[in-house]
Amino acid sequence: MKTRRRARRVTLEALYEIDLANHSPYEVLERRLLDQPMESAGAEFARKLIAGVLEHQAGIDLLIAHYAPEWPLDQMAIIDRNVLRIAIFEFLVDDETPVKVAINEAVELAKIYGSDSAPRFINGVLGTLADKIPQLRQQLLATYEPT
């Protein structure tokens, strides 16, 4: 499996635990990395994803709530919520991953970890967001408050 894909899987697993049990993010991630060793580049990418998602979570969650109004955030499956957070961070904030790659990776995570309907839901929300990237970046920056 590719390094970044493995890093995204570890990130999703860690974010799931953080979201569900409110455990310390960095302890959770380091424990996951011990359980699932990977190249240093992959571990660094996972750390970057966790830190970025957590730092920008409030703004990302506002975007999710706005573009998936039929699923209130607190009623959305934890997996779906965190798959969306990772992808949105990757293509709106970090801007290193091409949009299509971020969406494809998110859909693949949803296929592995989510329900039968999760891949279509994830693809639909992210596809809608992808069509509005410039204005969403501005919106996200406007709601960004450093922690």
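The analysis underlying the following values was restricted to heavy atoms, covering all of them including side chains, and did not include hydrogens, waters or symmetry mates. Numbering of residues begins at 1 and proceeds along the displayed sequence.
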Mind listing the closest non-hydrogen atom pair of [X] and [Y] along with its distance?
{"X": "Ile122", "Y": "Ala110", "value": "CG1-CB, 3.8 Å"}
{"X": "Ala7", "Y": "Gly42", "value": "CB-O, 3.3 Å"}
{"X": "Asp80", "Y": "Ala118", "value": "OD1-CB, 3.4 Å"}
{"X": "Pro25", "Y": "Leu54", "value": "CB-CD1, 3.4 Å"}

Please report the interatomic distance [atom1]([X]) to [atom2]([Y]), rounded to the nearest 0.5 Å.
{"X": "Asn104", "Y": "Thr97", "atom1": "CG", "atom2": "OG1", "result": "12.0 Å"}
{"X": "Glu13", "Y": "Leu29", "atom1": "CD", "atom2": "CG", "result": "10.5 Å"}
{"X": "Ile79", "Y": "Ser115", "atom1": "CD1", "atom2": "OG", "result": "10.0 Å"}
{"X": "Asp94", "Y": "Leu49", "atom1": "CG", "atom2": "CG", "result": "7.5 Å"}

[Y] side chain reached by [X] side chain, heavy atoms, under 4.5 Å:
{"X": "Arg9", "Y": "Arg6", "value": "no"}
{"X": "Glu96", "Y": "Glu90", "value": "no"}
{"X": "Phe91", "Y": "Asp95", "value": "no"}

- Could you walk me through whether Glu105 and Lys2 pass the salt bridge (Lys or Arg N to Asp or Glu O under 4.0 Å) test, one step at a time? CA-CA 11 Å; Glu105 290 294 319; Lys2 293 181 181 177; over 6 Å; no

Count the heavy atoms belonging to other residues, nucleotides or ligands that lie under 6.0 Å from CG of Asp116, then report whether that count exceeds 12. no

I'd like to know if [Y] and [X] are part of one continuous hydrophobic network [Ile/Leu/Val/Met/Phe/Trp/Tyr, side-chain heavy atoms within less than 4.5 Å].
{"X": "Ile112", "Y": "Leu126", "answer": "yes"}
{"X": "Ile86", "Y": "Tyr26", "answer": "yes"}
{"X": "Leu34", "Y": "Met38", "answer": "no"}
{"X": "Leu129", "Y": "Ile133", "answer": "yes"}

Tell me whether Glu30 is salt-bridged to Arg47, with the criterion being a basic N under 4.0 Å from an acidic carboxylate O.
yes

Is any NZ, NE, NH1 or NH2 atom of the basic residue among Arg32 and Glu17 found under 4.0 Å from an Asp or Glu carboxylate oxygen of the other? yes

All N/O donor-acceptor pairs, side-chain side in residues 58-78, below 3.5 Å, sequence neighbours left out:
residue: Asp61; atom: OD1; partner: Arg85; partner atom: NE; Å: 2.8
residue: Asp61; atom: OD1; partner: Arg85; partner atom: NH2; Å: 3.3
residue: Asp61; atom: OD2; partner: Arg85; partner atom: NH2; Å: 2.9

Side chain Arg137, main chain Leu92, donor-acceptor under 3.5 Å: yes

*Taking it one step at a time, do Phe45 and Thr3 satisfy side-chain contact (heavy atoms from CB on, under 4.5 Å)?*
CA-CA 9 Å; Phe45 185 60; Thr3 302; over 6 Å; no

The salt bridge (charged side-chain N to carboxylate O under 4.0 Å, His left out) partners of Glu39 (sequence neighbours excluded) come to none

inquiry  = What verdict does the side-chain contact (heavy atoms from CB on, under 4.5 Å) test give for Leu15 and Arg81, after you've listed the backbone C-alpha separation in whole Å, the side-chain angles of each residue and the deciding distance to 0.1 Å?
reply    = CA-CA 10 Å; Leu15 287 171; Arg81 180 169 58 223; over 6 Å; no

Which of Val53, Ile50, Asn82 passes side chain to side chain contact (heavy atoms under 4.5 Å, CB included) with Thr11? It is Ile50

